[in-house]
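Down below is the structure, laid out as C-alpha cells.
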Amino acid sequence: MASSGQPRIQWLGRWGFMLAATGSAVGLGNIWKFPYITGEFGGGAFVLVYLACILAVGVPVMMTEIAFGRRGLGSPVDAIRRVVNESGRSSAWSLIGWMAMLCGFMILSFYVVVAGWSFSYLWKMLTGGLSGSSVDDMAAVFGANNANPWNLGFWSTLVTLLTMLIVGKGVQEGIEKNVSWMMPGLVLMLALLIVFGVFSGGFGQAFSFLFSFKAGSLSSDGMLAALGHAFFTLSLASGAILTYGSYLPKGTSIGRTTLSVAVADTVVALMAGLAIFPVIFANGMDPAEGPGLIFMSLPLAFQAMPLGTLFGILFFLMLSMAALTSAISMVEATVSWLCDNKGLSRKAASWGTGIVLWLISTLAMLSFNLGADWTLAGKNFFDWLDYLTSRLMMPLGGLGTVVLAGFVLKSETFRDELGLSPLPYALWLTMVRYVSPLGIVVIFINALDIYQVSFVAHWPWLLAILVVMACLGETLSPRLRHVRSPR
C-alpha cells in the first residue's frame, strides 16, 4: 500500500530501527521504575513473571503496531485509516490512531518534567550540589529542586529544546544518527556501573535478589505490576512504535525485530538492577525504597563510596540519555502527522510542536510548586496527565489495536505484512485475539481500582473469561468485519 505524496523515508537499516525502538522503550521506566518495583515485589519471582508478561502481551501488541505502521506508511492516524480502508472497514477506527497520537503527546508533556530531574541531578553531581548525611537530607534536596519553578522550568525546557532539535533534523539525520551513539553509550555506562557494583561489596546479594526464585514472594499486586510494566515499558499505545514502524523497510522481519527490541529492553532493565542494587545493598539500604531509590538513596550511597562522585556522574548521565531517547519517540507521531497532513517542513512541524509542548509542560511543572494547589478532584495538572494517559488512554488504545487487528481486518492483511509461516502466525493471532486483550483488560480494571484482581485466588475466573472471550470473538468476528467504510 502506498501513501499519498512523497515516498516515505526509511531507516537506513534494521539496526537503526532497533536502536530507535529500543531507545523509545528504554526510558526512565527501565532505569528508574523497574528496579524499585522489582525491589518492592520480591526480586527474582517478579522478574520471571515480568518476562512472561513481555512475551504474552508486550511482543504481540508491539508486532501489531509495527505492522500497522509499515502497512499504512504514516502517523498513527493515517496508517490505521489506510489499513482499515484497504480492508473495506469504517474509517471511524482511525480514532484509535488519534488517541495514540494524543496520548504520546500528553505523556511527553509531563515526561519532560521528570526527565528534567535527571538533567538537574547530573548538574548537581557535577557541581557538588548533592550532599547530605541521610535519606531525609536527600529528600530535602529533591523537594527544594522541585519547589523552585525557575530551576525546574529551566531543566524541563532544556529537555524540550534538545528533543525538538534532534527530531527537527529528520528520521535519518536526527533520530537515527543520535540514537546510534546514545544507545550503545547508555549500555556501556551501565556495564561500567555494573563493574563498579562488583567491587562495591553488594553484588552477590544483588544478583541473588534479582534472579533467585521464591514462590512465596509472589503476590497479586506484584503480578499486576509486572503485567502493567510489561505493557508500558515497550512504549505501546502511545503512537511511538507505530510511527517508527512506518519507516521500517519492507524486507525487514517484524517478528525477529520485535523480539530483538523486547530482549534488548529487558536486558537493559536487568542491567539497571545489577547496577543499582549492589550500591544499595553495600550501604545497607532498602531495595524497596520506591521512587526515592534513584533520587534520594543512590546519591547518598554514591557519596559514601570510593569514586562515588565519578560513578554518580556516569549514572545520571546515563539516566538523562535514556530519558531523551524516549522523549524523541513520543513526539515523532505528532511531527509525522503535521508533515504529512499540513504540508509543514520537518523543522517547522518540530518547533511548532515544541512550543505547544513547552506551554503544556510548564503547567505540569508548576504542579510541583506555584500550582500545587490548582487541583480538580484531588489531582493537580501533572497528576491528571499521568492518570488519563496511563490508566485510560493507553489500555483503551492497546485494546482497540488488538481487537481491530484480530477481529475486524481481513486476515490476509497481517498475514502478508508479518510474513510469518502458518504456525507462528496462528500463535500471533491467538495471542492478539485472546491473551493480550485479557491482559490489557486486567491492567485496565486494576488501574481504575474498580476491583483488585488476584491472579492467585481468582485464576479460575480469569480462565473462564478467556474461554468466553474466545467464543464471543469467533461469533462477533464476522459481524465486526461487516462494518464497512461508507462508499
Side-chain angles (χ1 to χ4, degrees), residues 1-11 17 20 24 65-66 68-86 90-112 157 159-178 235 237-248 326-364 385 388-389 393 397 400-401 485-486:
M1 172 182 290
S3 70
S4 58
Q6 296 296 318
R8 194 160 184 82
I9 197 168
Q10 295 183 337
W11 303 109
F17 170 80
S24 174
E65 290 201 9
I66 295 172
F68 263 118
R70 190 167 73 176
R71 189 80 172 185
L73 296 174
S75 67
V77 178
D78 297 323
I80 291 178
R81 186 183 69 247
R82 289 173 185 142
V83 173
V84 296
N85 286 344
E86 180 191 17
S90 173
S91 295
W93 286 101
S94 62
L95 288 172
I96 296 172
W98 281 107
M99 184 161 63
M101 188 171 72
L102 179 61
C103 180
F105 187 85
M106 289 172 63
I107 290 172
L108 186 57
S109 297
F110 69 85
Y111 188 85
V112 294
T157 299
V159 175
T160 303
L161 289 173
L162 289 174
T163 300
M164 295 308 155
L165 183 65
I166 292 170
V167 173
K169 291 184 177 181
V171 174
Q172 294 178 354
E173 289 299 311
I175 301 173
E176 189 167 2
K177 183 175 286 188
N178 280 277
S235 301
S238 61
I241 296 300
L242 195 153
T243 306
Y244 276 4
S246 71
Y247 306 129
L248 187 66
S326 289
I328 290 167
S329 72
M330 282 186 277
V331 79
E332 178 60 21
T334 302
V335 171
S336 174
W337 182 82
L338 288 172
C339 290
D340 293 345
N341 292 274
K342 301 302 177 182
L344 297 178
S345 68
R346 164 66 64 156
K347 286 187 177 179
S350 299
W351 290 111
T353 302
I355 291 171
V356 177
L357 174 65
W358 181 80
L359 291 172
I360 299 174
S361 66
T362 298
L363 291 175
L385 288 174
L388 291 173
T389 53
M393 298 173 75
T401 299
S485 176

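Residue indices begin at 1 and follow the sequence shown. Here the structure is a predicted model, which means the values were calculated and not measured.
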Going by the rule side chain to side chain donor-acceptor pair (under 3.5 Å), which residues pair with Ser246 if we only count those two or more places apart in sequence or in a different chain?
Arg8
How long is the gap from CG on Leu73 to OG on Ser336, to the nearest 0.5 Å?
10.5 Å
Closest non-hydrogen contact found for Leu242 with Ala79 is CD2-CB, 3.8 Å
Would you confirm whether Glu176, through its side chain, and Ala20, through its main-chain N or O, come within 3.5 Å as a donor-acceptor pair?
no
Closest non-hydrogen atoms of Ala364 and Leu385, given as atom of the first, atom of the second and distance, are CB-CD1, 4.1 Å
State, yes or no, whether a side-chain contact exists between Phe17 and Tyr244 at a heavy-atom distance under 4.5 Å.
yes
If you measure from CG on Asp78 to CG on Asn341, what distance do you get to the nearest 0.5 Å?
4.0 Å
Which heavy-atom pair separates Ser94 from Ser91 by the least distance, and what is that distance?
OG-O, 2.7 Å
Using the rule given for side-chain contact (heavy atoms from CB on, under 4.5 Å), can you reason through Phe105 versus Ile360, listing the C-alpha separation, both sets of side-chain angles and the distance that settles it, and then say yes or no?
CA-CA 10 Å; Phe105 187 85; Ile360 299 174; 3.6 Å; yes
Those residues at least two apart in sequence (or on a different chain) that pass ring pair (Phe, Tyr, Trp, His ring centres under 6.0 Å) with Tyr111 are none
With sequence neighbours excluded, tell me which residues meet ring pair (Phe, Tyr, Trp, His ring centres under 6.0 Å) with Trp358.
none
Check whether any side-chain heavy atom of Lys177 lies under 4.5 Å from a side-chain heavy atom of Lys169, and answer yes or no.
no
Does Ser361 have any side chain to side chain donor-acceptor pair (under 3.5 Å) partners at least two apart in sequence or in another chain, and if so, which?
none
Looking only at non-hydrogen atoms, find the nearest pair between Thr243 and Ser75 and report the distance.
OG1-CA, 4.4 Å
Drop me the distance from Leu248's CG to Ile66's CD1, to the nearest 0.5 angstrom.
7.0 Å
Hey, are the side chains of Ile80 and Val84 touching, using non-hydrogen atoms and a 4.5 Å cut-off?
yes
What is the minimum heavy-atom distance between Thr389 and Cys103, and which atoms define it?
CG2-O, 3.9 Å
Rounded at 0.5 Å granularity, tell me how far CG in Leu338 sits from CG in Leu344.
5.5 Å
I need the minimum non-hydrogen distance between Ile241 and Ser24, along with the two atoms involved.
CD1-OG, 4.3 Å
Residue pairs meeting side-chain hydrogen bond (donor to acceptor under 3.5 Å, both in side chains), one or both in residues 342-354, sequence neighbours left out, come to Glu332-Arg346
Please report the interatomic distance OG(Ser90) to CG(Asn85), rounded to the nearest 0.5 Å.
8.5 Å
Which residues share a side chain to side chain contact (heavy atoms under 4.5 Å, CB included) with Ile166, sequence neighbours left out:
Asn178, Met182, Leu324, Ile328
One should read off an interatomic distance between Leu363 CG and Leu359 CG, to the nearest 0.5 angstrom, of 8.0 Å
